[in-house]
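Data block below; observations after.
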2 protein chains.
Amino acid sequence: MLGSQTEDVALNTTSLLRHINARRCLRLLQNGRQLSRADMARQLGLTRATTGNAMRVLLDAGLVVESAEMSPESRKGRPGVGVSLNPSGAYFVGVDVGTRSLTGVLLDLQMNVVSRIVEPTGPRYRDAGHIAARLLSLIERLLNENPALQEKVEGIGISVPGLVGRDGSVVHAPFLEWRNYPLQSELTARSPADWSVMVCNDAFAFANAELAASATAKAGSMLVVLLAEGIGGAIIDDGRVVMGGHGYSGEIGHTIVSAAGRVDTFEMLAGAKLFTRLFEEGQPVADGVQMLLANVGDKAVDAVLDAWVSGLSAGLVNAIHLLDPGRIVLGGPLAGLYPKLSRRIQADIKRRLLAGFAMPEIRVAQFGADGAAIGAAATIRDTLFALPDLETNTL
Amino acid sequence: MLGSQTEDVALNTTSLLRHINARRCLRLLQNGRQLSRADMARQLGLTRATTGNAMRVLLDAGLVVESAEMSPESRKGRPGVGVSLNPSGAYFVGVDVGTRSLTGVLLDLQMNVVSRIVEPTGPRYRDAGHIAARLLSLIERLLNENPALQEKVEGIGISVPGLVGRDGSVVHAPFLEWRNYPLQSELTARSPADWSVMVCNDAFAFANAELAASATAKAGSMLVVLLAEGIGGAIIDDGRVVMGGHGYSGEIGHTIVSAAGRVDTFEMLAGAKLFTRLFEEGQPVADGVQMLLANVGDKAVDAVLDAWVSGLSAGLVNAIHLLDPGRIVLGGPLAGLYPKLSRRIQADIKRRLLAGFAMPEIRVAQFGADGAAIGAAATIRDTLFALPDLETNTL
DNA sequence: TGATATTTGTTTTTGTATAAGACAAAAACA
DNA sequence: TGTTTTTGTCTTATACAAAAACAAATATCA
């Protein structure tokens with residue numbers, strides 16, 4: 001809980017300035033960047049003295065470290081001392097409650113995965129107390145591997161496949177057969193330390209991982225589509241996740257799409273259900289994808305892939321017209337099909353797109369099965385880098 | 001240009017605090033609210049002295065006025081002096097470039113329309129110089145009616161039916177037959193005063209009017225749908241307009257929708273084109289709507305209205321699944337059909353909605369044909385109420 | 001009617017910010 | 001070796017809000 005010292009800021013006094021400057025400095029160091037105090041001062045329009053003060057606070061908090069050697073800048077004068085994020089300055093737990101497995105990760109400040117546990121989900125739990133206990137037990141095992149850093153854990157993020165309200169309660173998770181599960185408040189109550197707890201939708205979590213890891217801090221506008229048995233989605237605009245009125249946005253899988261003469265939900269036309277005839281019963285989707293890729297050329301396979309291409313394109317085009325994402329990121333097991341079919345998909349999308357509309361960059365997600373867990377942990381990490389929200393009135 | 005004194009703020013020094021506090025106070029006075037300094041201090045968590053200082057600045061700038069009588073609070077002690085926005089403290093110009101007419105409005109700080117000019121669009125202009133001159137002439141006439149307040153004009157907002165880039169250039173406006181029109185920069189260059197100039201999409205502008213006028217400052221998440229010959233849309237999330245990667249978001253009219261056995265664009269299934277057989281050639285859509293409402297019961301009319309109901313519902317449901325708007329606002333001439341058909345539309349939507357999903361509140365826009373012009377002017381007005389963006393680094 | 005309590009808005013004092021400038025230290029260059 | 005350039009810290013000046021004190025204006029109660 002080192003960071004929380006920096007967190008409880010009065011929104012009024014001059015200490016707000018100090019807080020803002022510290023955060024702005026910290027944000028410059030994201031993505032592994034290393035800068036001198038003078039560099040930061042130039043980029044932020046502050047004096048060197050001010051960045052120096054901010055660094056003293058951040059060094060004391062253990063969030064940053066000085067590294068003697070600085071990148072060879074070939075400048076004339078006295079070389080600056082490099083400052084960068086201290087990877088072991090703070091840790092964050094993320095757990096993805098999947099349909100088949102529970103994935104827990106421990107993230108450090110540099111977004112590295114320090115520990116990882118995957119285990120089968122097991123029987124569905126029917127009340128909040130049980131699942132909370134189960135998750136806390138997983139987290140305890142995750143931390144026991146490195147007991148030294150337990151003090152530095154900032155909080156836990158949980159991702160769930162289903163509708164999650166703004167307060168972190170699971171409204172409806174069909175795969176888990178949960179309804180109105182106050183998971184976040186339950187975990188907060190049972191948390192062994194005063195961790196912050198955030199529960200969110202798995203597509204949001206996955207998108208957050210992509211966002212946090214994207215090289216440019218402002219990845220701008222992005223649509224993340226998770227192609228698995230169902231299809232989930234998350235919308236990023238101006239670097240922020242679009243939540244919607246109740247936090248349910250992004251259910252792109254249930255939009256109605258028309259492609260190649262068929263009219264059905266996007267999920268049916270481009271999700272794993274499209275391949276049920278080709279996949280074996282109970283076969284993991286990822287294995288099925290490998291099988292498909294190995295059998296390109298087979299007539300039955302090609303026919304279904306054709307259907308997939310047009311279903312995916314048609315669904316994405318609808319979303320593009322509505323959202324104009326600068327980038328589309330495809331995740332989930334079915335995304336593995338994209339590279340082989342990218343040319344056809346892009347051509348199909350371009351053909352359907354309205355005149356004047358911009359073709360988004362499309363690419364496969366950089367995270368795989370752990371993405372949601374990592375992103376859930378990153379939601380906690382984000383709070384350390386967040387600038388104060390000046391709009392909130394009810395102090 | 002009174003407000004701009006308050007605008008050029010260094011993001012570093014302590015004056016940032018003064019600026020933030022002034023803006024936070026000003027924002028409390030939106031929507032005609034009247035508060036005492038002590039009220040504001042309580043709501044913002046500041047001392048009375050601080051709000052008093054902020055008020056002195058705002059009073060000097062002419063943006064607020066003291067009103068001797070305060071609402072009867074039935075409190076014990078000394079009554080506070082009410083402070084409220086000074087309606088004539090600043091003015092904003094908005095022009096909507098419609099397909100048939102040009103609508104110009106002059107807005108005051110309280111969102112009142114002070115003057116208004118509507119005139120036929122006339123022949124299409126083929127280069128940026130002409131249309132800029134045309135618009136500036138309209139604006140000049142608008143201001144000549146009240147020459148005294150020209151000094152207090154903050155800027156001009158222009159709304160255009162088509163794709164507008166983030167830099168305010170018109171990328172593609174099919175109805176106007178414009179392509180790659182650098183309208184904003186042209187107007188900035190030719191502007192007679194150092195006004196700020198903003199060009200935006202007409203649906204964005206309309207949505208902004210609804211947002212600015214909505215009682216709760218944080219209208220949260222909202223989908224605005226403009227039902228005219230085409231169908232435009234704008235997405236509001238967390239009180240902000242979702243722009244998309246290039247500023248083209250909201251083209252809901254071109255999403256593919258399936259309803260009642262037909263598969264076509266939303267525009268074809270729920271726009272005015274659906275009624276072409278019933279409307280007379282060249283008849284304004286608003287008149288056609290009156291005709292339809294007068295002839296409910298007629299078989300041909302009812303059949304088309306049935307189609308409209310299911311087309312509209314299907315298109316909206318897709319958007320709801322993707323965006324989860326807390327509220328849907330229907331604007332444009334066809335929105336006049338909604339009140340008579342609201343029960344059927346709501347039932348249709350509820351039937352199609354995914355389990356657990358929240359039914360948004362649906363209502364007709366409070367603005368009519370002038371909405372886009374008013375909203376365009378409001379984009380300029382918003383800059384006076386905006387809090388500083390702490391994220392910008394390149395000072 | 002008059003004394004007291006309560007609330008408001010301003011003034012003064014105090015603590016804490018950053019900017020500006022001066023300074024020594026560390027390197028490049030001549 | 002001496003000069004120049006750049007860095008990071010220190011000191012001083014200035015600006016801001018909080019805290020506390022204050023007078024003014026009203027309600028309440030005896």
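In the text below, chain A, chain B and the rest are named by the order of the sequence lines, each starting its count at 1. The basis for the numbers below is simple: all heavy atoms, side chains too, and nothing from hydrogens, waters or symmetry mates. Since this is a predicted model, take the numbers as computed values, not measurements.
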Rounded distance in Å - [atom1] ([X]) to [atom2] ([N]):
{"X": "B:R18", "N": "C:dT16", "atom1": "CZ", "atom2": "P", "answer": "21 Å"}
{"X": "A:L35", "N": "D:dT7", "atom1": "CG", "atom2": "P", "answer": "12 Å"}
{"X": "A:H19", "N": "C:dA17", "atom1": "NE2", "atom2": "C1'", "answer": "15 Å"}
{"X": "B:L59", "N": "C:dG9", "atom1": "CG", "atom2": "P", "answer": "12 Å"}
{"X": "B:L17", "N": "C:dG15", "atom1": "CG", "atom2": "C1'", "answer": "14 Å"}
{"X": "B:Q43", "N": "C:dT8", "atom1": "CD", "atom2": "P", "answer": "12 Å"}
{"X": "B:I20", "N": "D:dA18", "atom1": "CD1", "atom2": "C1'", "answer": "17 Å"}

B:S67 and B:Q34: side chain to side chain donor-acceptor pair (under 3.5 Å), yes or no, with the steps?
CA-CA 9 Å; B:S67 36; B:Q34 188 198 40; 2.4 Å; yes
Starting at [atom1] of [X], measure out to [atom2] of [Y] and round the result to the nearest 0.5 Å.
{"X": "A:L58", "Y": "A:L26", "atom1": "CG", "atom2": "CG", "answer": "5.5 Å"}
{"X": "B:E154", "Y": "B:L109", "atom1": "CD", "atom2": "CG", "answer": "9.0 Å"}
{"X": "B:N21", "Y": "B:T47", "atom1": "CG", "atom2": "OG1", "answer": "9.0 Å"}
{"X": "B:E210", "Y": "B:I236", "atom1": "CD", "atom2": "CD1", "answer": "9.5 Å"}

Between the protein and nucleotides 28-30 of chain C, which nitrogen or oxygen pairs are less than 3.5 angstrom apart?
from, atom 1, to, atom 2, distance (Å)
C:dA28, O4', A:K76, O, 2.8

Got a donor-acceptor contact below 3.5 angstrom from the [X] side chain to the [Y] backbone?
{"X": "A:S221", "Y": "A:D237", "result": "no"}
{"X": "B:R381", "Y": "B:Y91", "result": "no"}
{"X": "A:D238", "Y": "A:R240", "result": "no"}

| said: For D:dT6 and A:R42 - does any side-chain N or O of the residue sit under 4.0 Å from the phosphate oxygens OP1/OP2? | reply: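 False: A:R42 side-chain N/O out of range (4.0 Å or more) of D:dT6 OP1/OP2.
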Does C:dA19 have OP1 or OP2 sitting under 4.0 Å from an N or O in the side chain of A:T47?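 For C:dA19, OP1 or OP2 has a side-chain N or O of A:T47 closer than 4.0 Å.
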- Should B:E391 and A:R24 count as an ion pair when the cut-off is N to O under 4.0 Å?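 Salt bridge between B:E391 and A:R24, a charged N being under 4.0 Å from a carboxylate O: no.
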Salt-bridge test for B:R37 and B:E66: reply yes if a basic N is under 4.0 Å from a carboxylate O, no otherwise.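 Yes.
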*Regarding A:S36 and A:D39, is there a side-chain donor-to-acceptor distance under 3.5 Å anywhere?*
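Present: a donor and an acceptor within the cut-off.
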Base-pair string, DNA chain C, Watson-Crick plus G-U, cut-off 3.5 Å on both distances, | for inter-strand, is ||||||||||||||||||||||||||||||
Please tabulate, one pair per line, each protein N/O and nucleotide N/O from nucleotides 8-10 of chain D that are separated by under 3.5 Å, including the distance.
from, atom 1, to, atom 2, distance (Å)
D:dG8, OP1, A:V81, N, 2.8
D:dG8, OP2, A:R37, N, 3.4
D:dG8, OP2, A:A38, N, 2.9
D:dG8, O4', A:R78, NH2, 3.3
D:dG8, N7, A:R48, NE, 2.7
D:dG8, N7, A:R48, NH2, 3.2
D:dG8, O6, A:R48, NH2, 2.8
D:dT9, OP2, A:R37, NE, 3.4

